[in-house]
Amino acid sequence: MENQFVIYNTISRKKEVFEPLVPGKAGLYVCGPTVYSNSHLGHARAYITFDLLFRYLTHLGYKVRYVRNITDVGHLEDEEEETGEDKITKKARLEKLEPMEVVQMYMNTFHRNMDELNVIRPSIEPRASGHIIEQQEMIESILENGYAYESNGSIYFDVEKYNKEYNYGKLSGRNLEDIKTNTRVLDGQSEKKNSFDFALWKKATPEHIMRWPSKWSDGFPGWHLECSAMSTKYLGEQFDIHGGGMDLRFPHHECEIAQSTASQGKEAVRYWMHNNMITINGQKMARSLGNFITLDELFTGNHEVLEQAYSPMTIRFFILQAHYRSTIDFSNEALQASEKGLERLMTALKTLDKLTGSKQSTVNVSELKENCLAALNDDMNSPIAIAHLFEGVKMINSLKAGNETISGEDLKELKAFYETAVFDILGLKEENSKNTQGNEVLEGAVDLLLKLRQEAKANKDWGTADKIRNELNELGVEIKDTKDGFEWSLK
RNA sequence: GGUUCCUUGGCCGAGUGGCUAGGCAGCGGUCUGCAAAACCGUGUACGGCGGUUCGACUCCGCCAGGAACCUCCA
């Protein structure tokens, strides 16, 4: 049991041992972004969380098929409004672009941001617009099974009927009666039987640009449908893990369950995983609340709440230092703490490279390794894993100082483990603070000045030595004296 | 209003019925011509009030404060 990978399954509200449907293989579906705006910190949290899962499953030896969609068919901003307009169409109108130009633009940004965060691209990244036929087929099977109805060219899912045989609300822990009493107020002269019914196919209004022909009407698929259709296509009627943000639990994932069950008679997903939100000053960060920070803003520091720029790896580390099921509160202080902590970890890795083995070990490498992996096995407890890695940092520094010794064999194991844990599993990478590469003149000039400073120091000409240091500092060159010379970097 | 959850030391953030989480900051030290950086050492916290228990920060109840979902959202 201790050596098994355990994940918290939202639907059972328990931690469960992960046992894949097909031994040695894991199927993973994660709800991707709707590309109508820049990626923000919340996206980073979600996709880093599932990147960790992808990496960890891979590390455990599974052959993982990771499917993460792009929602490029805008769902309606307000279904009740006559002018029903979807987000992408609206954005396209405002920016005077084709809807697909909007999609492409923000998808490119999303990909670039994810690359910067060292988030591995999924195995398949299907787009909703490319799977209209699959979605229509799914609608047909739901209609055939009697769990949907047509109304004025649109198709709606009949939640009430579905609920008679199955349990609508099991994922999010609510029952239909509650939903009924709580939503009745909003009920207008809708073309839906019940306000809680959701669209499978929506007839397009004249101004709606994104539309596809169907036997029911020229229109577009309902939002919840794409995930059901595409996960079925690429992972099968049943698959292992479905992930996404906590906010998608209801109604999105609830509807997905209903759709799969209604079309195929059984549920598709075996383990549901949900990452928690990022808060800013204790409140959820969301586009709709207008308090979100985009990733580009974070990376450049170009936002009024940011005291400085934060590198992609700082963001990644910051996110990994909290458990994925907890909310994480944004603050400059917290981010700066992560930045320094990460630097310390990375410095230790460099130190580790330079260590040499002795005859005997006074340190326990395998215990460290086991603790770290045990934490990851326990529902991907990355903060605990990182805590153990910091214990290892202390170990490495003690080895460097000569207070502890390590055998050649243990050293080899320790190096291999840090490589695996830090780079492969946590997905961190070395970041050049500022790239001086390609600027040989600058490098040569600074090196020359610092050599002159060395000479001045040798002559005890402190005035000159300090002058060089201070003035370079003002120009943005950070100087670190070392035992046998100096190191420098651009601030 | 309904459902669910949270409240930990200066800040962030884990975890457990009795045993030091960890990071950052602070403080002390090592190093250094001075400094920076780096490294070492250091803090005994768990919203309030009751209850269960030999023992609770951890379990139960109540109260206070906060959050998420119930509408698009990662």
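Chain naming here is simple, since letters A, B, ... match the order of the sequence lines and numbering starts at 1 in each.
- In this structure, the nucleotide among B:C72, B:C70, B:C34 sitting nearest to the side chain of A:Arg174 is B:C70.
- Nearest nucleotide to the A:Ala337 side chain, out of B:G23, B:C34, B:G33: B:G23.
- Counting any heavy atom pair closer than 4.0 Å across all strands shown, A:Asn403 reaches no nucleic acid atom.
- Toward the 5′ end of RNA chain B lies the nearest nucleotide of A:Phe250, the other residue of the pair A:Phe250 and A:Ile278 mapping further downstream.
- Nearest to the side chain of A:Lys480, among B:G13, B:A37, B:A35, sits B:A37.
- Atom name C1', nucleotides B:G65 and B:A35: the rounded distance is 47 Å, in whole Å.
- A:Arg344 comes within 4.0 angstrom of sugar-phosphate atoms only, judged by non-hydrogen atoms across all strands, and of no base.
- Residue A:Ile468 contributes atom CD1, which lies 20 Å from atom P of B:A36 at whole-angstrom precision.
- Spacing between B:C59 and B:G41 at atom C1', rounded to whole Å, works out to 37 Å.
- With P as the reference atom, B:C69 and B:G47 are 25 Å apart, rounded to whole Å.
- A salt bridge does not link A:Asp379 with A:Lys15: every distance from a Lys NZ or Arg NE/NH1/NH2 to an Asp or Glu carboxylate oxygen is 4.0 Å or more.
- Among the nucleotides B:G2, B:U71, B:A14, the one closest to any side-chain atom of A:Pro383 is B:A14.
- Pairing of B:U42, defined by two Watson-Crick or G-U wobble distances under 3.5 Å, is identified with B:G26.
- Rounded to an integer number of Å, the gap from NE2 of A:His253 to P of B:A68 is 19 Å.
- Using a 4.0 Å heavy-atom cutoff across all strands shown, A:Met277 reaches at least one base atom of the nucleic acid.
- Using a cutoff of 4.0 Å between basic side-chain nitrogens and carboxylate oxygens, A:Arg469 and A:Asp466 are scored as salt-bridged.
- Formation of a donor-acceptor pair under 3.5 Å by the A:Asn276 side chain with backbone atoms of A:Tyr324 is not found in this model.
- A:Ile328 comes within contact range of the sugar-phosphate backbone alone, with a heavy-atom separation under 4.0 Å but no base atom that close.
- Here A:Ala334 lies in heavy-atom contact (under 4.0 Å) with sugar-phosphate atoms only.
- To the nearest whole angstrom, the two P atoms, one in B:C6 and one in B:U58, are 13 Å apart.
- Residue-level contact check: A:Gly42 touches the bases, meaning some heavy atom is under 4.0 Å from a base atom.
- Rounded to whole Å, the separation between the P atoms of B:G23 and B:A14 comes to 15 Å.
- Rounded to a whole Å, the CD atom of A:Gln454 is 16 Å from the P atom of B:C34.
- For A:Ser331 and A:Leu342, each mapped to the nucleotide of RNA chain B holding its nearest heavy atom, the one lying further toward the 5' end belongs to A:Ser331.
- Between A:Asn175 and B:U3 there is no side-chain N or O to OP1 or OP2 distance below 4.0 Å.
- The same atom, C1', is picked in B:G18 and in B:G55; the two are 6 Å apart, to the nearest Å.
- At distances below 3.5 Å, not a single donor-acceptor pair connects side-chain atoms of A:Glu256 with backbone N or O atoms of A:Pro251.
- B:C5 is paired with B:G66 under the criterion used here, namely a Watson-Crick or G-U wobble arrangement in which both key atom distances are under 3.5 Å.
- The base of B:A35 sits within donor-acceptor range of the side chain of A:Asp481, with an N or O pair under 3.5 Å.
- Taking atom P in both B:C49 and B:C57, one finds a spacing of 11 Å when rounded to whole Å.
- Nucleic acid contact for A:Asp466: base, since at least one base atom lies under 4.0 Å from a heavy atom of the residue.
- In this structure, the CD1 atom of A:Ile11 is 20 Å from the P atom of B:C69, given to the nearest Å.
- Base pairing of B:G61 is made with B:C49, judged by Watson-Crick or G-U wobble geometry with both donor-acceptor distances under 3.5 Å.
- A:Lys429 NZ: more than 12 foreign heavy atoms inside a 6.0 Å radius.
- For A:Asn397, the listed nucleotide lying nearest its side chain is B:C39; candidates were B:G15, B:C39, B:C69.
- You'll find that the side chain of A:Arg469 is closest to B:C34, out of B:C11, B:C34, B:G22.
- Counting to the nearest Å, the P atom of B:C69 and the CG atom of A:Asn275 are 13 Å from each other.
- Across all strands, A:Glu487 comes closer than 4.0 Å to no nucleic acid atom at all (heavy-atom distances).
- Using a 4.0 Å heavy-atom distance criterion, A:Lys284 is classed as a base contact.
- Looking at heavy-atom distances under 4.0 Å, A:Ala322 makes contact with sugar-phosphate atoms alone, never a base.
- Only one option out of A:Asn291, A:Asp329, A:Thr327 pairs with A:Thr279 in a side-chain hydrogen bond (donor to acceptor under 3.5 Å, both in side chains); it is A:Asp329.
- Looking at heavy-atom distances under 4.0 Å, A:His40 makes contact with a base.
- We find that the ring of A:Phe390 and the base of B:G23 do not stack by the test of centres under 5.5 angstrom and planes tilted less than 30°.
- A gap of 10 Å separates the P atoms of B:G26 and B:A37, to the nearest Å.
- Backbone-only contact: A:Ser326 has heavy atoms under 4.0 Å from sugar-phosphate atoms and none from a base.
- Side-chain N or O atoms of A:Asp240 include none that pairs as donor or acceptor with a backbone N or O of A:Leu28 at under 3.5 Å.
- Whole-Å rounding puts the A:His388 NE2 to B:G13 C1' distance at 14 Å.
- Ring geometry, A:His208 versus A:Phe220: the interplanar angle falls under 30°, so the pair is classed parallel (tilted spans 30 to 60°).
- Side-chain nitrogen and oxygen atoms of A:Lys340 include at least one within less than 4.0 Å of the OP1 or OP2 phosphate oxygen of B:A25.
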